[in-house]
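In what follows, a structure is listed as structure tokens, so that the remarks can point back to it.
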2 protein chains.
Amino acid sequence: MAALTLDDLDHHLLDLLQRDASRTLRDLGEEVGLSPSAVLRRVRRYRTSGLLSHTVAVLDPRHAPEVVLAVCLVTIQEDSPEHGRLFRRRLLEAPEVQQAYEVSGDYDYVVVLATVGTGHQNEIAKRLFQQDPNVKRYTTLFVLDPLRTGSAIPTRRP
Amino acid sequence: MAALTLDDLDHHLLDLLQRDASRTLRDLGEEVGLSPSAVLRRVRRYRTSGLLSHTVAVLDPRHAPEVVLAVCLVTIQEDSPEHGRLFRRRLLEAPEVQQAYEVSGDYDYVVVLATVGTGHQNEIAKRLFQQDPNVKRYTTLFVLDPLRTGSAIPTRRP
DNA sequence: TCTGAAAGTTTTCATCC
DNA sequence: GGATGAAAACTTTCAGA
């Protein structure tokens, strides 16, 4: 969990891994100019430090025809510490919550739900938001087209 | 690209792969009750059909201290087909755009930006939205805490 | 479509630079 | 830190059911 200083090779590798984590160590090494074992040592550092948390398969939502994505914009009544904890825990536990951000600005939370059918969507939104007395109001924006659904973050300014 | 019918084992495997794509075929096979080669054949089907688009390394934004996430809510002036195409292309080309959804409801687009520092954030938002005469208005919600940042979708109702 | 074994690669590790 | 090469593990293929 240490602070981990990154050199150019690290930035390069992290960029490549965020695009495609299925490449071999040799393949990555050839692109950045390192041996497979040197690449492995670096990748291990990312993992043990917590920077690289896990690797996942990304499904194309367009191929899962019944899947409904929706963005919920949530406003909290009064953000007491206890309620905040409970609300956040509920967001973390629900498998339908794909992303959840605590934000500043016109709303307090942005929550992306991935459900199977609009009925299911409604059910979950009710459970998470409507039944919570500390949720002042929430709006649902149904996703018509998921143009882009990545999770890559920059590790330095481009 | 065919429609691909999924049985219980497929749903199970896709669920596991979306959580952790670094598990071995043997490991996955033991959990679902198949041999490694049987698992491989199924995973290949997901890939060739386009359902499984790629696998990526997920970085923890909390470990990239300068990274700023922001949710932009965008309202379009008048959605002419030509402008829509241009606007969407810009969203697809900018590396700072992590996610972009076309939505129905109070806004037209929801765009998540991942940038390095607030200055960079502002710069990108200006370029993508402020300079576009067809963008009526946009609001930026800065992410205070990325509670959850996955990309898993359900392949069937839980 | 599955299993199980053989063949081909990749990952891992010890060692030296 | 990095390179190399050998051992271990994994992936991939294929024959047989």
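Convention: sequence-line order gives letters A, B, ...; per-chain numbering from 1. All values reported here derive from a predicted model rather than from experimental measurement.
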request  = Please work out if B/Ser35 contacts a base, only the sugar-phosphate, or nothing of the nucleic acid, heavy-atom cut-off 4.0 Å.
outcome  = base

ask   = CZ of B/Arg26 versus C1' of C/dT11: gap in Å, rounded?
value = 14 Å

task = In whole angstrom, give the distance that lies between atom CG of A/Leu28 and atom P of D/dA3.
result = 14 Å

inquiry  = Could you check whether A/Arg45 pairs with A/Asp10 (Lys NZ or Arg NE/NH1/NH2 to Asp/Glu carboxylate O, under 4.0 Å)?
reply    = yes

Distance in angstrom units between A/Leu40 CG and C/dC13 P, rounded = 8 Å

request  = Rounded off to whole Å, could you give me the CG-to-P distance for the A/Asp8 and D/dG2 pair?
outcome  = 13 Å

note = DNA chain D nearest-nucleotide lookup for B/Arg44 and A/Arg41: closer to the 5′ end is A/Arg41

ask   = Touch check for B/Arg45, heavy atoms < 4.0 angstrom, all strands: base, sugar-phosphate only, or nothing?
value = nothing

query = So do the side chains of B/Arg42 and B/Asp7 get within less than 4.5 Å of each other, counting heavy atoms only?
reply = yes

query = Rounding to a whole Å, what distance do you find between B/Glu30:CD and D/dT11:P?
reply = 12 Å

task = Taking the side chain as every heavy atom from C-beta outward, state whether B/Arg157 and A/Glu66 have any atom pair closer than 4.5 Å.
result = no

request  = Please state how far atom CG in A/Leu25 lies from atom C1' in C/dT10, giving the value in whole angstrom units.
outcome  = 7 Å

Note, A/Gln130 side chain near A/Val135 side chain (heavy atom, < 4.5 Å) = no

Under 3.5 Å donor-acceptor pair, A/Ser37 side-chain atoms to D/dG2 base atoms = no

ask   = How long is the line joining CG of B/Leu34 and P of C/dG4, in whole Å?
value = 12 Å

Below 4.0 Å: OP1/OP2 of C/dC2 and any side-chain N or O of B/Arg42 = yes

